[in-house]
Amino acid sequence: MTTPVATPSPRSVAPSGGIARIAAPRGARPHGLYDLTLHDLETRVVDLGFPVYRARQVWSWVYRQLVADYIAMTNIPAALREALSIAAPLSLLEPVRTLTADDGETIKTLYRTGDGQVLETVLMFYPDRATVCVSCQVGCAVGCAFCATGLMGLARNLSAGEMVAQVAGAAREAHQRGRTLTNIVMMGMGEPLHNYDATMAFIGIIHDPDGLDIGARRITISTSGIVPKIDALAMEPLQLNLAVSLHAPDDELRSSLVPINRRYPIAMLMASIDRYIEKTGRRVSFEYALMRGINDSEEIARDLAALLRGRLCHVNIIPLNPVDVLPYERPDAAGIERFASILREAAIATTVRYSRGLDIDAACGQLRAKEEATRAAS
Ligand code: SAH
Ligand code: SF4
């Protein structure tokens with residue numbers, strides 16, 4: 001196995017003051033309408049003294065008509081609208097900035113939470129689908145060496161409602177462009193399996209057939225490999241897509257890139273993935289951020305093929321999205337193709353996925369990192 005040319009710790013290369021560390025207010029979590037299931041809403045409506053059917057009407061306004069304000073719900077009594085706007089506010093996230101790239105096909109929204117945290121959501125249009133990339137935490141505790149979000153550390157988990165609000169915003173945005181939001185990927189800021197309960201509650205709400213009705217097979221959870229939670233996920237009734245961020249085929253290299261590998265090394269991770277595949281019969285995706293001189297050699301490609309041989313899986317090569325303050329680089333096109341073809345020759349299903357919105361820092365945490373740096377400097 002080739003040793004990586006350079007695997008510096010992210011903390012050692014971040015310039016002082018470049019990325020603001022976030023204070024960690026872990027106090028009261030916001031609770032709004034987006035945190036509620038339809039059943040919860042029915043209980044609230046009845047508790048407020050209104051007939052239960054009103055809840056379904058409100059639900060339809062929010063998730064079918066995609067309105068963002070109680071004022072727009074014209075067939076709901078003003079007294080209920082007023083009571084709900086206090087008991088279950090709709091304004092959990094305030095859009096701070098919206099950026100567009102790829103000829104309008106990628107839209108990135110920076111949101112501020114009620115307690116002043118900043119997070120980002122990316123909406124991507126393709127010919128056959130519209131996908132939103134959702135954040136589940138502000139920052140992330142895993143600290144992957146090449147990831148802008150990892151540089152921040154963890155500020156706090158997002159609530160289910162703060163995740164639903166991102167999806168509702170994206171659905172609205174898509175609708176305004178004559179499109180329908182079809183797919184959800186948990187590939188924004190944060191580690192979804194470190195915020196397991198809220199993530200599952202979120203998925204339950206967006207999956208509701210009377211609401212946004214996003215099918216489980218259109219929802220992908222991406223994880224750095226939190227083994228006990230992969231086992232928990234295998235037991236869930238919903239058949240979600242699982243993507244595992246592998247990035248290296250051996251423990252030494254993977255631990256230097258994805259520190260959680262020290263706790264859940266590759267053999268343990270693969271065993272949990274095998275259990276997942278056996279239990280669900282679902283194909284697992286492996287994400288592989290390709291970095292020049294780090295994890296892109298032919299030898300590493302062959303080791304990766306050997307590791308994955310015989311598994312019901314698919315490899316998604318993501319040519320690295322370079323982060324300003326980190327030293328990692330994207331290989332050239334020939335290097336990317338060479339790596340992919342070694343996997344394909346070994347009969348491993350492989351695609352190369354170029355990140356959308358490069359010019360607006362659409363990769364995981366990058367825009368937010370810049371926003372923080374700007375705020376810190378001003
Ligand atoms: N925490 C989860 C999901 C969010 S990150 C996870 O790690 O899987 C989503 C994907 O983006 C992961 O595969 C992650 O490794 C990858 N990623 C992070 N920073 C990147 C970068 N600078 N370039 C390319 N991919 C990156
Ligand atoms: Fe966290 Fe995923 Fe970024 Fe790693 S790649 S630091 S797990 S968000």
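Indexing begins at 1, ligand by ligand and atom by atom, following the structure's order.
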Okay, side chain of [X], backbone of [Y]: is any donor-acceptor separation there less than 3.5 Å?
{"X": "R81", "Y": "I71", "answer": "yes"}
{"X": "D35", "Y": "G32", "answer": "yes"}
{"X": "H207", "Y": "G215", "answer": "no"}

Legend entry - Among I318, T350, L304, N316, side chain to side chain contact (heavy atoms under 4.5 Å, CB included) partner for Y288: L304

With heavy-atom distances below 4.0 Å as the criterion, list the atoms of ligand 2 near [X].
{"X": "G143", "answer": "6 (S)"}
{"X": "G150", "answer": "6 (S)"}
{"X": "S224", "answer": "7 (S)"}

Legend entry - Donor on one side chain, acceptor on other, E191 and T223, under 3.5 Å: yes

Legend entry - Residues N195 and Q137: side-chain donor-acceptor under 3.5 angstrom: no

Inset, instruction - Have a look at T121 and tell me which of E173, Q166, K108 forms a side-chain hydrogen bond (donor to acceptor under 3.5 Å, both in side chains) with it. - result: Q166

Legend entry - Any S245 heavy atom less than 4.0 Å from ligand 2: no

Provide the number and element of each atom of ligand 1 under 4.0 Å from a heavy atom of [X].
{"X": "M186", "value": "3 (C)"}
{"X": "C147", "value": "18 (C), 19 (N)"}
{"X": "T223", "value": "6 (C), 8 (O)"}
{"X": "N321", "value": "21 (C), 22 (N), 23 (N), 24 (C)"}

Legend entry - Close approach of M189 to ligand 1, heavy atoms, under 4.0 angstrom: no

Inset, instruction - Using non-hydrogen atoms of the residue, decide whether A148 is closer than 4.0 angstrom to ligand 1. - result: no

Legend entry - Cation over ring face, R129 and Y126, 6.0 Å, 45°: yes

Inset, instruction - Select the closest option to atom 1 (N) of ligand 1 among G190, C136, C140, judged by heavy-atom distance. - result: G190

Inset, instruction - Pick one of side chain, backbone, both or neither for how M187 approaches ligand 1, counting any non-hydrogen atom pair under 4.0 Å. - result: both

Inset, instruction - Just let me know how V323 lines up against ligand 1, side chain, backbone, both or neither, with a heavy-atom cut-off below 4.0 Å. - result: side chain

Legend entry - Ring-ring centroid check F286 H247, cutoff 6.0 Å: no

Inset, instruction - Could you tell me whether atom 3 (Fe) of ligand 2 has an N, O or S atom of C140 under 2.8 Å away? - result: no

Inset, instruction - Decide yes or no on side-chain hydrogen bond (donor to acceptor under 3.5 Å, both in side chains) for R218 and N183, but give the supporting numbers first. - result: CA-CA 5 Å; R218 294 181 176 276; N183 292 61; 3.3 Å; yes

Inset, instruction - Using distance alone, decide if ligand 1 has a nitrogen or oxygen within less than 3.5 Å of any nitrogen or oxygen in F146. - result: yes

